[in-house]
Amino acid sequence: MQHPLKRLLGLATVLALSLLTGCASMRIIDSDVVSVAAVPSGMSLQGAKYRFERLPSQVNNPEAGLAEQQAQAAMTAVGLVRDDAGAQISVLVNFSGVQYLADPWGRPLPPGWTPYGNVYLGSGLGPHVGLGLGMRFPPPTHYHREVGLIMRDLKTGQVVYETRASHDGPWRDNTTIFATLFQAALANFPNPPAGLRRVNIELPR
């Protein structure tokens, strides 16, 4: 018969492995979000009908169409309804992304950084002479992505809601991350808290 202590340790090990496996299969997309509502008295954005508008630079951009699809999914989730013919508001979608080399803490490396190593020989501050070898490994590539939505009352032309969300991280799957940023941008819609806030959304790896 197995000793009770051994059984307890075995169960604890299985539980720990299960937790580690569960954590390893998920990732947190942490977005910095700023939203401003400027809805005039007598108007409500809850369940409002909208249509998309584009800047001239976006008209023939296929990525603008994909961004609108992602934004539409996020807006549907918060109760907004796309209705091009009966729209009350227009929605302008903005999106951008750049990649950069990062240090171990995810911060952008300064200009002029090189991946080459170095060798030095010196006495330092003490009586001993030393030989040193330094080597830099290729740094990871990180990505900065940002999305924004500007909602405008079609009757008056007034901006009634503006929001943007940004994220820095190592994830390469652009489509998934941009879609998640639109979700983050619409967190707390239509009554967002004031100022910059952090919105965390959990995704599978």
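Values below: all heavy atoms of this structure, side chains included; hydrogens, waters and symmetry mates excluded.
Note that CD of Q70 and CE of M75 are 11.5 Å apart. Values are rounded to the nearest 0.5 Å. Considering CD1 of I89 and CG of D153, their distance stands at 8.5 Å, rounded to 0.5 Å. Here OG of S31 is found 13.0 Å from CZ of R164. Values are rounded to the nearest 0.5 Å. The distance from the CD atom of Q99 to the CZ atom of R145 is 9.0 Å, given to the nearest 0.5 Å. Taken from CG in L203 to CD1 in I177, the straight-line distance is 6.0 Å, to the nearest 0.5 Å. Between the CD atom of Q88 and the CG atom of L80 there is a distance of 9.5 Å, given to the nearest 0.5 Å.
No donor-acceptor distance shorter than 3.5 angstrom exists from the side chain of Q69 to the backbone of A64, with no hydrogens or angles considered. Side-chain atoms of Q158 come within 3.5 Å of backbone N or O of A38 as a donor-acceptor pair. Of the possible donor and acceptor atoms, none in the side chain of N188 sits under 3.5 Å from a partner among the backbone N and O of N191. Proximity of a side-chain donor or acceptor of T141 to a complementary backbone N or O of L101 within less than 3.5 Å is not detected. Looking only at distances, no side-chain donor or acceptor of D83 sits under 3.5 Å from a matching main-chain atom of A87. Looking only at distances, no side-chain donor or acceptor of D173 sits under 3.5 Å from a matching main-chain atom of T176. Between the side chain of E162 and the backbone N or O of V36, no donor-acceptor pair lies under 3.5 Å.
Other residues sharing the hydrophobic cluster of L55, ordered by chain and number and joined by side-chain separations under 4.5 Å: L92, I150, V159. In this structure, V34 shares a hydrophobic cluster with L196, the cluster being traced through Ile, Leu, Val, Met, Phe, Trp and Tyr side chains under 4.5 angstrom apart.
A donor and an acceptor atom, one from each side chain of H144 and D168, are located under 3.5 Å apart. D30 and H167 are linked by a side-chain donor-acceptor pair at a separation below 3.5 angstrom, with hydrogens and angles left out of the test. Using modelled atom types and a 3.5 Å distance limit, the side chains of D84 and Y50 yield no donor-acceptor pair. Side-chain N/O atoms of S90 and E53 include a donor and acceptor closer than 3.5 Å.
When every heavy atom of A165 is checked against every heavy atom of A184, the shortest pair comes out as CB-CB, 4.3 Å. The two residues L45 and P190 make their nearest non-hydrogen contact at CB-CB, 4.1 Å. Considering all non-hydrogen atoms of both residues, R54 and G65 come closest at NH2-CA, 3.4 Å. A pairwise comparison of heavy atoms in T163 and A185 identifies OG1-O, 2.7 Å as the closest pair. Scanning all heavy atoms of the two residues, the minimum distance from Q72 to F52 falls at OE1-CE1, 3.9 Å.
Side chains of P192 and R197 form a contact here, defined as non-hydrogen atoms less than 4.5 Å apart.
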| request: Report the C-alpha distance between V33 and R198 in whole Å, list the side-chain angles of each, state the deciding distance to 0.1 Å, and finish with yes or no for side-chain contact (heavy atoms from CB on, under 4.5 Å). | output: CA-CA 6 Å; V33 179; R198 178 63 59 88; over 6 Å; no
| query | Going through the distances and angles, do V93 and V147 end up as a side-chain contact (heavy atoms from CB on, under 4.5 Å)? | reply | CA-CA 7 Å; V93 178; V147 303; over 6 Å; no
| request: Tell me, with the steps shown, if R27 and W171 meet side-chain contact (heavy atoms from CB on, under 4.5 Å). | output: CA-CA 10 Å; R27 53 180 167 162; W171 313 113; 3.3 Å; yes
| request: Verify side-chain contact (heavy atoms from CB on, under 4.5 Å) between R205 and S25, making sure each step is shown before the conclusion. | output: CA-CA 5 Å; R205 288 181 182 271; S25 65; 5.7 Å; no
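Criterion: ILVMFWY side-chain heavy atoms under 4.5 Å apart, direct or through other members. Under it, V98 and L181 are not part of a common hydrophobic cluster. A chain of hydrophobic side-chain contacts below 4.5 Å, direct or via other Ile, Leu, Val, Met, Phe, Trp or Tyr residues, connects M43 to V91.
Environment of CG in N200: crowded, with over 12 heavy atoms of neighbouring residues, nucleotides or ligands closer than 6.0 Å.
Among residues at least two apart or in separate chains, ring-ring contact (aromatic ring centres under 6.0 Å, His included) pairs with a member in residues 173-196 are Y161-F189.
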